[in-house]
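Notes for the one structure printed next.
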Amino acid sequence: MEQKLRVGILGATGMVGQRFISLLEDHPWFEVVTVAASARSAGKSYEQAVGDRWKMASPMPESVKGLTVLNVNEVEKVAATVDFVFSAVDMTKEEIRAIEEEYAKTETPVVSNNSAHRWTPDVPMVVPEINSEHFEVIEAQKKRLGTMRGFIAVKPNCSIQSYAPCLAAWKEFGPKEVVATTYQAISGAGKTFKDWPEMEGNVIPYIGGEEEKSEQEPLRVLGHVEDGQIVKADLPKITCQCIRVPVLNGHTAAVFINFEKKPTKEQLIEKLLNYKGYPQEEGLPSAPKQFIQYLEEDNRPQVKLDVDFEKGMGVSIGRLREDTIYDYKFIGLSHNTVRGAAGGAVLCAEALTAKGYIKAK
């Protein structure tokens, strides 16, 4: 790419916004030129606005420290400076739906980490390795919005990334029933142990709204495009419990599964190891070379050893074995703020750029 696309981050001061900033440092296609946040941060430098709330392990990139934070609600002003935006705003769902559409109507593509538009029928919700063909609905969305190049695309919830790729890899065997329990890191709530000390040594058996997302969103990802909208898959039937655990980064899932055609363990592992999609075929900058790894050791995957597999963009699976009630059971692990949030959105933007949906204004 001769000239980098100009990127804005909406909600740039929050944890996911910070993750976008850190992931986009030295990106070969994209350059962060605009940061936007609430009115209370507007007018300050990015460094001043974040203050001592920088939550990333790597230091704040020098290139963004001096950027003046714009008011995210001044849509025309922000949109005029960029080719497209990543959205990580902290608002109500109704406010997010409204502001993301407002940005799209300025002919600015929006790639969102938020859940507000995940069930809008003509908004694609994409894991690029699994369902990049869902981007086709963007043409129908543009007609609804009255735009030429503006649209919204979203990525799914972080909780499904550690098991939904398996369902896609094993599609030919007909996954029909899934029971999953997710053990979710505190960064999924935008927290560190510094701001959530009561999570140390603690487990909370409830995360608001998460179980419904974990049960329903894989079906939309595994669905198909029909008449300009996404039709969700009928199977597998999924039931899920979501538990907050004292881990900073990394969502683990314990999964039981039944198939219509029972495969061998060797067939299942082979499908995981050879599974790839559009990002790998096109060699997109953020794409993991190995999307899914299978670990043979009985005590893997582990957060400390495996969460950063493929720079946090890969998925780790282990302990696949036959079960006494279900056909098989396994453990999955994914990085919730990289693959599950900002990194997944960056990969979506790369796929949209490669497919010609995102271009310079």
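What you see is a predicted model, and the numbers here were worked out from it, not measured in a lab.
A salt bridge (charged side-chain N to carboxylate O under 4.0 Å, His left out) with Glu129 is found for one member of Lys289, Arg339, Lys155 and no other, namely Arg339. Residue Pro236 forms a side-chain contact (heavy atoms from CB on, under 4.5 Å) with just one option from Val179, Ile257, Leu222, and that option is Leu222.
Side-chain atoms of Arg220 never come within 3.5 Å of backbone atoms of Trp119 as a donor-acceptor pair (strictly under, hydrogens ignored). The main-chain N or O of Ala104 is never found under 3.5 Å from a side-chain atom of Thr108 such that the two would form a donor-acceptor pair. In this structure, Gln141 contributes its side chain and Ile152 its backbone to a donor-acceptor pair below 3.5 Å. Of the possible polar contacts, one joining the Ser112 side chain to the Asn114 backbone as a donor-acceptor pair under 3.5 Å is found. Judged by distance alone, with hydrogens and angles left aside, the side-chain atoms of Gln161 form no donor-acceptor pair with the main-chain N or O of Ser334 at under 3.5 Å. For the pair Glu210 (side chain) and Cys242 (backbone), a donor-acceptor distance under 3.5 Å is absent. The backbone N or O of Asp323 lies less than 3.5 Å from no partner atom in the side chain of Asp327, so there is not a single donor-acceptor pair. Put simply, the side chain of His134 never gets that close to the backbone of Gln229: no donor and acceptor are under 3.5 Å apart.
Under a 4.0 Å N-O distance rule, the pair Arg319/Asp298 does not qualify as a salt bridge. A salt bridge does not link Asp83 to Lys359: none of the charged side-chain nitrogens sits closer than 4.0 Å to a carboxylate oxygen. The residues Glu172 and Lys271 are annotated as salt-bridged, a charged nitrogen and a carboxylate oxygen being separated by less than 4.0 angstrom. A salt bridge does not link Lys265 with Glu270: none of the charged nitrogens is closer than 4.0 Å to a carboxylate oxygen. With salt bridges taken as basic N to acidic carboxylate O contacts below 4.0 Å, one links Asp195 and Lys55. Salt bridge present: Lys142 and Glu139 bring a charged side-chain N and a carboxylate O closer than 4.0 Å.
Of the N and O atoms on the side chains of Thr92 and Glu95, at least one donor lies less than 3.5 Å from an acceptor on the other residue. Side chains of Ser45 and Glu47: a donor-acceptor N/O pair is absent below 3.5 angstrom, by distance only. Side chain to side chain, Gln184 and Asn336 fail the donor-acceptor criterion of an N or O pair below 3.5 Å. Side chains of Ser22 and Ser58: a donor-acceptor N/O pair is absent below 3.5 angstrom, by distance only. Side chains of Glu226 and His224: a donor-acceptor N/O pair is present below 3.5 angstrom, by distance only. Counted by atom type alone, Ser187 and Thr337 present zero donor-acceptor pairs between their side chains at under 3.5 Å. Using a 3.5 Å distance cut-off with no hydrogens or angles, the side chains of Asn258 and Glu177 do pair a donor with an acceptor.
Pairing each heavy atom of Leu167 with each of Pro175, the nearest pair is O-CG, 4.0 Å. Annotation for Cys348 and Val126: closest pair SG-O, 3.3 Å, computed over non-hydrogen atoms. Scanning both residues, Val247 and Phe193, for their nearest heavy atoms gives N-CZ, 3.8 Å. The two residues Phe86 and Leu24 come nearest to each other via the heavy atoms CE1-CD1, 3.8 Å. Of all heavy-atom pairs spanning Phe256 and Lys329, the tightest one is CE2-CD, 3.6 Å.
No path of Ile, Leu, Val, Met, Phe, Trp and Tyr side chains, each step under 4.5 Å between heavy atoms, connects Val110 with Ile21, placing them in separate hydrophobic clusters. If you chain together hydrophobic residues whose side chains sit under 4.5 Å apart, Val225 and Val123 never meet in one group.
Around the CD atom of Glu212, the shell of radius 6.0 Å holds no more than 12 heavy atoms that belong to other residues, nucleotides or ligands. Within a 6.0 Å radius of CG in Asp90, no more than 12 heavy atoms belonging to other residues, nucleotides or ligands are found. The environment of Asn299 atom CG is dense: over 12 non-hydrogen atoms of other residues, nucleotides or ligands sit within 6.0 angstrom. Counting heavy-atom neighbours within 6.0 Å of Glu76 CD, excluding the residue itself, gives a total of 12 or less. Annotation for Lys276: atom NZ does not count as buried by contact number, only 12 or fewer foreign heavy atoms lying within 6.0 Å. Within a 6.0 Å radius of CZ in Arg40, no more than 12 heavy atoms belonging to other residues, nucleotides or ligands are found. In the displayed structure, Lys237 atom NZ is contacted under 6.0 Å by at most 12 heavy atoms of other residues, nucleotides or ligands.
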*Go through the steps to decide whether Glu217 and Arg118 satisfy the test salt bridge (Lys or Arg N to Asp or Glu O under 4.0 Å), and finish with yes or no.*
CA-CA 8 Å; Glu217 288 187 16; Arg118 287 185 192 150; 3.1 Å; yes
*Residue pair Phe30, Phe84: steps toward the ring-ring contact (aromatic ring centres under 6.0 Å, His included) verdict*: CA-CA 10 Å; Phe30 307 145; Phe84 76 100; 5.1 Å; yes
*Does the side chain to side chain contact (heavy atoms under 4.5 Å, CB included) test come out yes or no for Val338 and Arg19, once each step is laid out?*
CA-CA 8 Å; Val338 182; Arg19 180 67 75 181; 4.0 Å; yes
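For the ring-ring contact (aromatic ring centres under 6.0 Å, His included) test, residues two or more places apart in sequence or in another chain that qualify with Phe330 are Trp170.
Between atom NZ of residue Lys4 and atom CH2 of residue Trp29 there is a gap of 12.5 Å, rounded to the nearest 0.5 Å.
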